[in-house]
Amino acid sequence: MLRPQDSPTRETKRLDGLWRFVVDSDGVGREQEWWRAALPGTVRIPVPSSYNDLLVDPAVHDHVGDVWYQRSVFIPRGWAGQRVVVRFEAATHRAVVWVGDDRVAEHEGGYTPFEADLTALVEPGQEVRLTVVVNNELTWQSIPPGIVEVAADGRRRQHYYHDFFNYAGLHRSVWLCSTPPTHLADVTVVTDIDAGAGLVRYSAVVEEAGATTVGVVLRDAQGVVVAEGSGDGSTLRVADPELWQPGRGYLYDLQVDVVDGSRLVDRYVLPVGIRTVEVDGTRFLINGNPFYFRGFGKHEDIEVHGRGHDDAAMVHDFALLGWIGANSFRTSHYPYAEEVLDHADRQGIVVIDETAAVGLNLGIGGGMFGGGSRTTFSDETIDRRTQDVHRRAIEELVARDKNHPSVVLWSIANEPESHTDAARDYFQPLFAAARRADPTRPVGFVNMMFAPPDKCTVSDLADVIMINRYYGWYSETGDLALAERNLESELRAWAETHAKPILMTEYGADTMAGLHSADAAVWSEEYQVALLDVYHQVFDRIDAVVGEQVWNFADFATAPSIIRVGGNRKGVFTRDRRPKMAAHALRRRWLGLP
Ligand code: BDP
């Protein structure tokens, strides 16, 4: 599925702005067929945005169930004879779409796009009603999982096994797009380096191809043609390529033309970065050079918008990544907006791309998140059906992001249970699915403290060891000397038993901005600095450690909890992006690293 773009044969119309909006508190909208008329009420809210924080109303903020969005759309009058498509970049966590009275799309999963072909239903110049019901419920069959309980007063309450707030709604842009009836449905690009030359292997899928053929042209950033090819798939050779590199996101443009004789039928232009990614023993190589990840686990989380994409906030976050000397981040704990991947490609920021599979672990927090005494993998909890949804989430992530040079590693889950045989049975087919979907990039998952090297039943399926550890915070609280010892001995055990690159994908401490303490008491800015410093000393002593990503880039909103104060405070920046002391300390370290 190609991202919408304008070209000589394609047009786009973004449907962002204020839409009619109703919270379906009684859950009657589907039965009463609300899509058939104007939605009740006068509320308007913006797309894209989470709806939760906009209206200053607990009934909206904490709603569990359906919400409805609606607007009218003019089908551009110039689109006669074209294929007309509506595309949703994200509806969290699932949606059904109607155009007029016709149901046109349904999608499960809150962070990957979906489309509907409207060609047979609409006329150019016509005004149509577009209605979407978005549902935010997390269940044992959703990724991420959760449970909906009915409280004593009859209200439905959502529980889940991750800390970040369950924001919902239309989080990203909605597009109306035209393509020709004969059109490029997909393009896949894989790059390589061969004796100093860049190789760009492409393959194109054309729908309703008829007698058409495909021709491609590769241009450098100055627009100079550096290679040409023809056919649905072939390999282009670029002499003396400018490589895509961390810190320097050089991009070529691959113009893919579908032609009928000399007539241009469809054109799509795909940015391409020429680079290789490889795991070699305990080293992580980009373009054959050892790469050391410095950066963060992030969240899509800002005031008012919640998880809604905002270009200004994105550009500012990347500027802060540059300021602090970071070269990478992980899309913890779900696929981010496509704008973010595009921006990472251009900025040369390296991305670990993660699915929304977080909280597949009922042991965490001793039931703090509501796990209690249940078993993680069972017929009553996470089962085969969840695994199917998870597999589709992996496939949709790879299908969406496969052409981004910034993406160097897939993370198929964050902190799942991984110390049991059931976990291995669950994950083995998912690793296989990820490798089938993308045979070119390393695959991993993020391990948590219950599954150290001698207990983890899943790590040997992965190409890299990604681990989150909170020595000095959730364990050895306040005791950094002991934290240092335990961290070092665990990392050495991973290095000895696994012989793979080790990436610390989370470490950190909650820190109240402005709380200071001469003896570095927990929660103070001094303690965050001291804890990070201890971890860094350990990393620097262990060769197999190939990266450090602090948890978290910024403070973020969470579900209510007695261990969270106005959200998770492990940010190196506050939620409004002001640096804590740790930001300056990290900047000194990271700008000083080779
Ligand atoms: C880890 C999770 C992350 C949490 C973090 C924390 O991966 O999502 O926010 O702990 O507790 O377990 O701060």
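Note: hydrogens, waters and symmetry copies are ignored here, and every other heavy atom, side chains too, is used. Note that ligands are numbered from 1 as they come in the structure, with each ligand's atoms numbered from 1 the same way. What you see is a predicted model; the values in this text were computed from it and never measured.
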Is it true that the side chains of [X] and [Y] contain a donor and an acceptor less than 3.5 Å apart?
X    : Y    : value
H93  : E137 : no
Y426 : E417 : no
Q158 : N136 : no

State plainly whether the residues E303 and R577 are in salt-bridge range, i.e. N to O under 4.0 Å.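 No, E303 and R577 are not salt-bridged.
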Tell me the side-chain hydrogen bond (donor to acceptor under 3.5 Å, both in side chains) pairs involving residues 54-63, sequence neighbours left out?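 Qualifying pairs: D53-H61.
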What one should report as the nearest heavy-atom pair of Y69 and G169 is OH-CA, 3.3 Å
Taking only heavy atoms of the protein into account, state which residues are under 4.0 angstrom from an atom of ligand 1, in chain and number order.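 Around ligand 1, where the cutoff is 4.0 Å for heavy atoms, the contacting residues are D163, H333, N414, E415, N468, Y470, Y474, E506, W551, F556, R564, N568, K570.
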